[in-house]
Amino acid sequence: MSLESAIEYAVQKHRGQVRDGDHPLPYITHPLDVLANLRYTGQVTDQDMLMAAVLHDVVEEAAVSFDEIEGLFGERVRGLVQELTRYEPTEEERSGLSKDQIWQLRSDLLLKEIREMSPDAKTIKLADRLSNLNEATRAKIGKKLERYNRQTAEILKIVPKKTNPGLWEAVKRLHESINRA
């Protein structure tokens with residue numbers, strides 16, 4: 001399958017979904033932004049990585065199976081999407097926790113997952129974080145934005161700059177601009 005097929009598939013699977021915030025855009029704008037970040041800021045031309053970027057949220061957001069992704073786009077794309085798909089704490093794991101404690105649990109799990117990612121998945125995660133952080137500057141305020149930005153600082157500690165200097169620097173610049181605001 002081609003990158004164009006992956007884009008068409010993602011459009012189909014995310015149809016009807018919207019991003020958070022005031023005046024939300026269709027959800028597909030996020031995977032396409034991640035794709036553009038990876039290609040243009042990260043200078044990545046690897047087709048499997050580009051396909052994984054556009055497909056990175058279909059399991060979480062559209063209940064697609066990893067087997068379906070592998071059947072359509074191959075084993076490597078499946079592996080990358082699997083690395084990028086977040087584990088969500090069960091109801092039992094969240095039981096008795098406050099909203100802040102649940103956020104911390106989810107954050108700790110995310111950071112653990114990122115530590116264990118391959119360099120290619122970490123590169124896509126940087127493109128994803130760049131998109132999400134940019135969106136956060138419009139959709140989150142106060143404590144939520146501060147917490148998200150602190151999490152970004154932790155991601156920058158986990159992912160070495162050499163993974164993808166262009167994306168790493170872009171995330172760092174945006175992170176720093178939020179700190180100054």
Partner residues of H175 under the ring pair (Phe, Tyr, Trp, His ring centres under 6.0 Å) criterion, sequence neighbours left out: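 With neighbours one apart ignored, the set is empty.
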Tell me if a side-chain donor or acceptor on W168 pairs with a main-chain N or O of K162 at a distance below 3.5 Å.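 Pair absent, no side-chain N/O of W168 close to backbone of K162.
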Where the side chain of R94 meets the backbone of P89, is there a donor-acceptor pair that is under 3.5 Å apart?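 Answer holds: yes.
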May I ask you to test the [X]-[Y] pair for a side-chain heavy-atom distance under 4.5 Å?
| X | Y | answer |
| --- | --- | --- |
| H30 | H56 | yes |
| L84 | M117 | yes |
| D100 | R147 | yes |
| Q82 | V59 | no |
| H14 | P26 | no |
| M51 | L80 | no |

Given E4 and Y9, is the side-chain hydrogen bond (donor to acceptor under 3.5 Å, both in side chains) satisfied, shown in steps? CA-CA 9 Å; E4 186 174 343; Y9 181 83; over 6 Å; no
Mind running salt bridge (Lys or Arg N to Asp or Glu O under 4.0 Å) on E60 and R86 for me, showing each step along the way? CA-CA 7 Å; E60 288 176 38; R86 292 188 65 172; 5.6 Å; no
Between the side chains of E154 and K157, is the shortest nitrogen-to-carboxylate-oxygen separation below 4.0 Å, so that they form an ion pair?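 Answer for the salt bridge query: yes.
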Does the ring of F66 carry R78 above it, NZ/CZ under 6.0 angstrom from centre and within 45° of its axis?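 Relative to the ring axis of F66, which defines the angle, R78 lies outside at least one limit.
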Excluding sequence neighbours, so at least two apart, what forms side-chain hydrogen bond (donor to acceptor under 3.5 Å, both in side chains) with D33?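 S131.
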Under 3.5 Å, which donor-acceptor pairs do the side chains of residues 118-126 form with other protein atoms, sequence neighbours left out?
| unit_1 | atom_1 | unit_2 | atom_2 | d |
| --- | --- | --- | --- | --- |
| S118 | OG | E83 | OE1 | 3.3 |
| S118 | OG | E83 | OE2 | 3.0 |
| S118 | OG | A121 | N | 3.2 |
| D120 | OD2 | R76 | NH2 | 2.6 |
| T123 | OG1 | P119 | O | 2.9 |
| K125 | NZ | D128 | OD2 | 3.1 |

Closest heavy-atom pair and its distance - A136, Y148: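 Reported closest heavy-atom pair: CB-CD2, 3.8 Å.
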Crowding at CD, E75 (>12 non-hydrogen neighbours, <6.0 Å):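 No.
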Around Y87, counting heavy atoms of other residues, nucleotides and ligands shown, do more than 12 lie under 6.0 Å from its OH?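 Yes, because the 6.0 Å sphere around OH of Y87 holds more than 12 heavy atoms from other groups.
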No-hydrogen, no-angle side-chain donor-acceptor test under 3.5 Å, R129 and Q151: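 Yes.
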Does a donor on one side chain sit under 3.5 Å from an acceptor on the other, for Q104 and D108?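 Q104 vs D108: donor-acceptor pair found between side chains.
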